[in-house]
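Protein chains get the first letters and strands the later ones, always in sequence-line order, with residue 1 at the start of each.
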Amino acid sequence: MASPNIKAVRGTRDLLPPETDLWNRVESTARAVFSRYGFGEIRTPIFEDTSLFARGVGEETDIVSKEMYTWEDRARAASEKAQSLTLRPENTAGVVRAYIEHKLGDTGNLQKLFYIGPQFRRERPQRGRYRQFWQIGAEVIGPPTSGAESPIRDAEILEMLATLLDELGITGWTLQLNSVGSATDRPRYVAALKEALAPIKHQLCPDNQRRADTNPLRVLDSKDEADQDLINALPKIADFLDAESKSHFEQVLAALDACGVPYTVNPRLVRGLDYYTRTTFEFSHSVGLGSQNALLGGGRYDGLSEMLGGPRAPGIGFAIGEDRLILTLQAQAETAAQTTKLDAYLAPLGIASNPAALSLARDLRRQGLSVEVGDGSFRLKKSFDAADKLARHIVLLGEDELSTNIFTVKTFATAEQKKIPRADLPTHLRT
RNA sequence: GCGGCUAUAGUUCAGUGGCAGAACGCCGCUCUGUGGCAGCGGAUGUCGUGGGUUCGAAACCCACUAGCCGCCCCA
């Protein structure tokens, strides 16, 4: 047999029209919302020094230990150094690296940065989970004197996300949040958790027995029905927060209440990345995503800059799984009706009208209208068929129209037909 | 990375060893100044890929690939 066709590699995919219209709508809505909150765009490289992720995301996390696309970049000249490079599995570490590298903290100002771009993790693909996937994210970071640590930043981010999801037309999202405490609270809690798990471990399901040893925080995430009572009886992170973290979290909640953003505090919400401190959160949605129901997640990372060798720079950020957002929108059937139609379809009647049709199309397109042009060999009936699929109006160009410069325009939605002078066409077709 | 299910026309799917099918969609004609209806006609295709069993394989067996579901993890 002939050699097999080359196909998109596992876990990657092509995005084609009309679906790309939806992607563009999501991205432009995100940009518009972000700019109202004072965020500016940052674009960081798609690959970075491997140690950035090892130190930032955490050597022990699954992302770093099993899922990264890493390769040795060989030195090709004596003046170059060989180094290990990695396709970014997330974008926060890169943003913080850039913050440090460009001394953005020296301005003394709070930095509000957003990004939109592909990320890479070598996981088994599934619905809503791809090896190249897209994240829309934002970070608020700055020196402590800039107010980067303030609970109002946490609440502002969460309120902004609620607004963004609403404007995108995502209905029925839920926000869960929790505080995982300071960098010292967390190890104390993990120790207490291990201690509490030791005597009851044998009563748990095999999965949870394994987690109890390897990653006790993950036990809290378990969906195993039979284990729920035991899990609920485990120590709560809230009891291990120092006074400052506790008060910080309370202020976040108070600000959310004031804004009317609905949320539930979930003391069992834990996140896998090592850098998270204090506020962590997750927006989820039940429609269209199967088991990958987290739309976006994020949290505070007050120690990340120092972990990367930078100055003290508390911050908070989030990452939206754009692929999942799109799936949810599609599942909500928002899309079928929203596939964007062109403003007009120009139907020349007979090949003699073709030049005039193209000339009219040029005028209309230059005035910003979206226009498709038929060709005069089509019969009128066929033009109507083609036009109705593509456009909101059909403009007929026959002998009458060309001699009078008054065009016959039919609007599909209303079945209304009018005679429109050429000068008025742009206005009429925009409606 | 682990366990399971699936892969047939553009789409959704039927087809358990004997001619490759249905619906929708698509194309043409009835029908060269008004479409969506109707009638008639047409094309759908390496049956995921490669191998094997068999007189004969879309079907049975093996391997591979991909997708989906669950786990793991996370967005």
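- One C1' atom belongs to B:G17, the other to B:G52, and the distance between them is 16 Å to the nearest Å.
- Two residues, A:R10 and A:K66, neighbour RNA chain B, and the one matched to the more 5' nucleotide by heavy-atom proximity is A:R10.
- By the 5.5 Å and 30° criteria, A:F133 is stacked with the base of B:A75.
- A distance below 6.0 Å separates the ring centres of A:F240 and A:Y189.
- OP1 or OP2 of B:C26 has at least one side-chain nitrogen or oxygen of A:K389 nearer than 4.0 Å.
- What separates CG of A:L295 from P of B:A75 is a distance of 12 Å, to the nearest Å.
- When heavy atoms are screened at a 4.0 angstrom cut-off, A:G297 is found touching the sugar-phosphate backbone but no base atom.
- When both distances must be under 3.5 Å, the Watson-Crick or G-U wobble mate of B:G70 is B:C2.
- Within the nucleic acid shown, A:R13 has no heavy atom closer than 4.0 Å to any nucleic acid atom.
- The separation between A:I351 atom CD1 and B:G33 atom C1' is 17 Å, rounded to whole Å.
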Derivation of the salt bridge (charged side-chain N to carboxylate O under 4.0 Å, His left out) call for A:R392 and A:D343: CA-CA 6 Å; A:R392 295 181 292 116; A:D343 292 317; 2.4 Å; yes
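- Within the 4.0 Å cut-off from OP1 or OP2 of B:C73, not a single side-chain nitrogen or oxygen of A:R121 is found.
- One C1' atom belongs to B:G45, the other to B:U8, and the distance between them is 8 Å to the nearest Å.
- Residue contacts shown for A:Q417 include a base, since a base heavy atom lies under 4.0 Å away.
- Applying the Watson-Crick and G-U wobble criteria (two distances, each under 3.5 Å), B:C60 pairs with B:G52.
- Aromatic ring centroids of A:F114 and A:F34 lie under 6.0 Å apart.
- Heavy atoms of A:L296 sit under 4.0 angstrom from primed sugar atoms or phosphate atoms, though from no base atom.
- Pairing for B:A14 is absent, with no Watson-Crick or G-U wobble pair whose two atom distances lie under 3.5 Å.
- When the C1' atom is used for both B:C55 and B:G48, the distance is 28 Å, rounded to whole Å.
- A:D185 has a carboxylate O that lies under 4.0 Å from a charged side-chain N of A:R188, or vice versa, which qualifies the two as a salt bridge.
- When the side-chain nitrogen and oxygen atoms of A:R127 are compared with OP1 and OP2 of B:C68, none of them lie within a distance under 4.0 Å.
- Minimum atom distance to the side chain of A:K410 is reached by B:U34, of the listed B:G33, B:U34, B:G1.
- For A:R131 and B:G1, the CZ to C1' distance is 10 Å, given to the nearest whole Å.
- What separates CG of A:D385 from C1' of B:C37 is a distance of 12 Å, to the nearest Å.
- The listed nucleotides are B:U34, B:A75, B:G1; the one nearest the side chain of A:R122 is B:G1.
- To the nearest angstrom, P of B:C68 lies 13 Å from CD of A:E123.
- Using the six-membered ring where Trp is involved, A:F412 and A:F384 have ring planes that are perpendicular, over 60° apart on the 30 and 60° scheme.
- Here the side chain of A:K381 is nearest to one of B:G33, B:C37, B:C73, namely B:C37.
- In terms of phosphate contacts, A:R124 brings no side-chain nitrogen or oxygen within less than 4.0 Å of OP1 or OP2 of B:C71.
- Nucleotides of RNA chain B nearest to A:K419 and A:T12 differ in position, and the one nearer the 5' end is that of A:K419.
- A:Y130 has its OH atom 17 Å from the P atom of B:A75, to the nearest Å.
- A:F318 comes within 4.0 angstrom of no nucleic acid atom, judged by non-hydrogen atoms across all strands.
- Taking the six-membered ring where the residue is Trp, A:W134 and A:W23 present perpendicular rings, their angle passing 60° and hence far from 30°.
- Residues A:K410 and A:E416 are not paired through a salt bridge, judged by the lack of any N-O separation under 4.0 Å between the basic side chain and the carboxylate.
- In this structure, the CD atom of A:Q135 is 5 Å from the C1' atom of B:A75, given to the nearest Å.
- Within the 4.0 angstrom heavy-atom criterion, only backbone atoms of the sugar-phosphate kind lie near A:E67; the bases stay farther away.
- The side chain of A:Q126 has B:C71 as its nearest neighbour among B:G36, B:C71, B:U34.
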